[in-house]
Amino acid sequence: MKSELKIFNTLSRKKEIFTPIKPPHVGLYVCGPTVYGDPHLGHARPAITFDILFRYLSTLGYKVRYVRNITDVGHLENDADEGEDKVAQKARLEELEPMEVVQYYTERYHTFMNALHVKSPSIEPRASGHIIEQLAIVEKILKEGFAYESNGSVYFDVERYNQEHQYGTLSGRVLEDLLSTTRQLEGQTEKKNSYDFALWKKATPSHIMRWPSRFSDGFPGWHLECTAMSARYLGETFDIHGGGMDLLFPHHECEIAQSTIAHGHGPARYWMHNNMITINGQKMGKSLGNFITLEEFFTGNHALIEKAYGPMTIRFFILQAHYRSTVDFSNDALMAAEKGLLRLMDGMAQLAKIKAGTSTTFDVEAFKNKCFEALNDDLNTPILIAHLFDAVRIINQSVSGQAHFTEKDLTSFTELLHLLVFDILGLAPPENSGSKSSETLDGVMHLVLDMRQQAKANKDWGTADQIRDALSALGIVVKDSKEGATWEIK
RNA sequence: GGUCGGUUGGCCGAGUGGCUAGGCAACGGUCUGCAAAACCGUCUACGGCGGUUCGAAUCCGCCACCGACCUCCA
């Protein structure tokens with residue numbers, strides 16, 4: 001399938017036409033969650049961003065292998081000697097086996113990603129399952145002379161690397177600057193330079209998660225897993241590497257350095273980074289006290305949230321902003337998004353009610369082109385959604401006879417909208433709307449609305465309004481139209 | 001301090017050297033028994049100061065403010 005998909009490549013800081021290495025195959029690697037805590041809003045952004053990419057590439061006819069890792073080892077709490085594996089630290093606090101914690105939060109992550117309609121990746125490898133691959137890379141880099149052993153740990157020699165290659169190409173950093181800006185932490189005497197990073201870390205005695213190696217009983221460095229697992233499942237060169245902007249430096253920079261030594265070149269041709277999420281204009285962070293988990297969002301059980309917001313509202317809200325912009329979560333913005341989504345979904349439901357005519361007053365082909373133009377322009381979902389609202393207007397006009405479609409155009413219009421809204425954007429009507437209700441409820445509602453219709457026919461406005469008001473109190477909105485009444489649970 | 005990014009109408013949020021973004025809210029109208037929904041219309045904004053240009057919110061410079069990264073982070 002031909003496409004003019006352009007994506008913003010962080011490497012060049014420009015939009016580039018996407019050309020896969022071996023069409024129709026596309027290799028996509030995205031940094032996944034560290035499963036030591038409940039999934040939060042921050043996890044939703046990259047998951048949804050790259051879900052759209054995954055879905056769209058698939059729509060374009062590519063055979064995508066999407067690899068998104070689960071980090072269950074290796075991320076240090078800090079860079080110092082006494083640093084310990086995040087997972088292990090949490091486990092000790094709760095007196096659980098580390099893998100118990102991993103299991104629990106991995107399942108939580110999956111549950112909430114499913115709720116957000118984030119498709120499962122093709123492969124979801126775990127860092128703990130790839131220690132051998134990671135150690136092999138450590139050996140390779142040591143052999144090439146770009147790493148050194150120190151007190152049971154192995155560090156990447158950034159200075160040496162920078163002599164032959166350029167360190168900082170992705171993030172635009174210069175090594176000399178890093179010298180002055182890198183934090184000096186206690187116990188860094190093992191490292192030659194503060195900017196060197198660990199490939200293998202010797203475990204402290206209290207450290208539960210550890211693996212034997214010829215250097216020490218320890219665990220792999222924080223950046224190594226992605227290098228090892230992406231190479232294993234996608235090859236040493238693959239198409240797209242994605243992740244949050246906060247991972248740009250040092251994580252992705254280090255991946256490039258490791259890969260350059262181990263494989264002779266950087267891992268990916270295109271690097272894509274989604275921007276961060278803010279809460280009321282401020283970065284979300286545990287230390288800032290504005291940390292909101294997805295569960296809290298879905299239940300409304302958080303001080304900063306006025307009400308519960310459904311997964312589709314959050315998905316829609318995120319898609320209403322471009323993935324490279326920050327998106328600010330506030331109650332006003334979320335409520336606006338919720339209503340907007342409802343309007344869009346109403347429109348989709350109305351689509352089936354359009355009666356085909358003898359002529360078409362809407363240029364379906366031009367509309368289609370506009371929509372794909374938006375997607376092709378670095379996944380510009382806000383523009384796509386703006387077009388979709390134009391379509392909603394056309395749909396509503398058609399239902400009331402102010403716009404028309406031929407049978408053929410109506411079919412292609414309907415198919416196009418289903419493709420865009422459901423398949424590519426991955427949206428769906430809110431969980432408890434009329435369309436998804438039980439047959440029993442449908443039957444009851446049909447009866448009730450019939451009775452109201454009877455009352456209206458008899459000009460018994462009191463009864464008609466009583467029915468409407470009582471339903472409204474139950475959260476069921478009655479919508480009258482010339483064709484009769486429909487209903488919807490709010 | 002270094003690097004990078006942002007500042008758009010009541011709110012959110014796109015975009016671009018001249019041509020309506022879109023959503024939410026508000027207001028007016030049509031429809032309706034009355035409403036709601038829907039439709040039509042109104043609200044015409046781009047931080048400040050200079051500069052380039054026939055023309056800039058869009059390019060350049062300076063200033064102000066905000067934020068991200070530089071430390072685990074999505």
Side-chain angles (χ1 to χ4, degrees), chain A residues 13 30-34 36-37 39-50 71 75-80 83 86 89 168 171-174 176-183 185 195 222 242-251 253 273-278 281-287 291 316-317 320-322 324-344 346-347 350 374 377 380-390 392-393 395-397 399-400 402-403 456 459-461 464-465 468-469 472 477-482 485-486 488:
Chain A
R13 303 195 178 251
V30 175
C31 294
T34 303
Y36 74 110
H40 54 74
L41 213 43
H43 290 109
R45 188 92 195 264
I48 290 171
T49 297
F50 293 104
T71 296
H75 275 63
L76 296 174
E77 200 62 56
N78 59 54
D79 206 15
K86 267 184 187 171
Q89 187 181 54
S171 58
R173 267 157 233 258
V174 181
E176 291 75 62
D177 295 342
L178 286 175
L179 249 189
S180 56
T181 59
T182 306
R183 251 204 208 171
L185 294 165
Y195 43 64
W222 3 323
M245 263 183 194
D246 52 338
L247 297 177
L248 217 160
F249 188 89
H251 183 58
E253 203 68 75
H273 292 94
N274 63 274
N275 214 320
M276 303 290 101
I277 271 168
T278 56
Q282 217 187 5
K283 183 195 172 180
M284 188 182 79
K286 277 186 171 166
S287 53
F291 191 85
F316 181 72
F317 182 62
Q320 264 193 315
H322 186 81
R324 282 192 289 115
S325 302
T326 54
V327 64
D328 186 53
F329 276 69
S330 65
N331 282 290
D332 286 350
L334 282 163
M335 285 191 260
E338 187 171 53
K339 288 191 181 170
L341 174 64
L342 217 55
R343 180 171 154 80
L344 180 60
D346 267 1
Q350 295 293 312
D377 186 13
N380 199 324
T381 53
I383 293 288
L384 172 60
I385 289 170
H387 293 331
L388 291 174
F389 278 110
D390 290 339
V392 168
R393 185 163 295 114
I395 291 168
N396 288 325
Q397 286 174 353
V399 171
S400 61
Q402 294 161 267
K456 283 176 74 176
K459 297 202 189 300
D460 180 2
W461 310 128
D465 288 354
R468 186 174 68 194
D469 294 345
S472 175
V477 178
V478 177
K479 294 180 186 177
D480 289 327
S481 75
K482 290 198 177 75
T486 59
E488 191 172 86

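Below, read A as the first sequence line, B as the second, and so on, with proteins coming before strands; counting in each chain starts at 1. The shown structure was predicted, so the numbers you read here are calculated from the model rather than taken from an experiment.
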Spacing of Asp346(A) atom CG relative to rA36(B) atom P, expressed in whole Å = 16 Å
Under-4.0 Å side-chain N/O to phosphate OP1/OP2 contact, Thr34(A) with rA74(B) = yes
rA37(B) and rC27(B), which share atom name P, separated by this distance in whole Å = 12 Å
Take atom C1' in rU7(B) and the same atom in rA57(B), then report the distance between them in whole Å.
-> 12 Å
Is any side-chain heavy atom of Arg393(A) closer than 4.5 Å to a side-chain heavy atom of Gln402(A)?
-> no
Nearest heavy atoms of Phe317(A) and Ala337(A), plus distance in Å | CD1-CB, 3.7 Å
Charged N-O contact under 4.0 Å between Asp346(A) and Arg343(A) | no
4.5 Å side-chain heavy-atom contact, Pro250(A) and Trp222(A) = yes
Respond yes when some side-chain nitrogen or oxygen of Lys339(A) is under 4.0 Å from OP1 or OP2 of rA25(B), and no when none is.
-> yes
Under 4.0 Å between any heavy atoms, over every strand shown, what does Gly42(A) touch: base, sugar-phosphate, or nothing? Just pick one.
-> base
Enter the distance from Ile383(A):CD1 to His322(A):NE2 here, rounded to the nearest 0.5 Å.
-> 10.5 Å
Looking across every strand, which nucleic acid part, if any, lies under 4.0 Å from Met276(A) by heavy atom: base, sugar-phosphate, or nothing?
-> base
For atom C1', what is the distance between rG6(B) and rU58(B), given to the nearest Å?
-> 15 Å
If we require ring centres under 5.5 Å and near-parallel planes under 30°, does Phe389(A) stack on rG23(B)?
-> no
Please state whether the phosphate of rA14(B), meaning OP1 or OP2, lies under 4.0 angstrom from any side-chain nitrogen or oxygen of Ser325(A).
-> yes
Phosphate oxygens OP1/OP2 of rA37(B): is one of them under 4.0 Å from a side-chain N or O of Arg393(A)?
-> no
Phosphate OP1/OP2 of rC39(B): any Arg343(A) side-chain N/O under 4.0 Å = yes
Looking only at side-chain N and O atoms, does Gln402(A) come under 4.0 Å of OP1 or OP2 in rC40(B)?
-> no
Under 4.0 Å between a side-chain N or O of Asn274(A) and OP1 or OP2 of rA74(B)?
-> no
Under 3.5 Å donor-acceptor pair, Arg468(A) side-chain atoms to rA36(B) base atoms = no
With rounding to whole Å, what would you report as the distance between rC43(B) and rC4(B) at their P atoms?
-> 42 Å
Have a look at Ala386(A) and say if it touches a base, only the backbone sugar-phosphate, or nothing, with a 4.0 Å heavy-atom cut-off.
-> base
With a 4.0 Å cut-off on heavy atoms, is Arg173(A) in touch with a base, just the backbone sugar-phosphate, or nothing at all?
-> base
Non-hydrogen side-chain atoms of Arg45(A) and Asn275(A) separated by less than 4.5 Å | yes
Please work out if His387(A) contacts a base, only the sugar-phosphate, or nothing of the nucleic acid, heavy-atom cut-off 4.0 Å.
-> nothing
base_contact_polar (rA35(B) base, Asp480(A) side chain, donor-acceptor, <3.5 Å) = yes
What interatomic distance, in whole Å, is found between C1' of rU42(B) and the corresponding atom of rG9(B)?
-> 14 Å
Any Asn380(A) side-chain N or O less than 4.0 Å from OP1/OP2 of rG15(B) | yes
In whole angstrom, what separates Leu388(A)'s CG from rG13(B)'s C1'?
-> 15 Å
Considering only heavy atoms and no angle criterion, is a donor-acceptor pair shorter than 3.5 Å present between the side chain of Asp465(A) and the base of rG33(B)?
-> yes
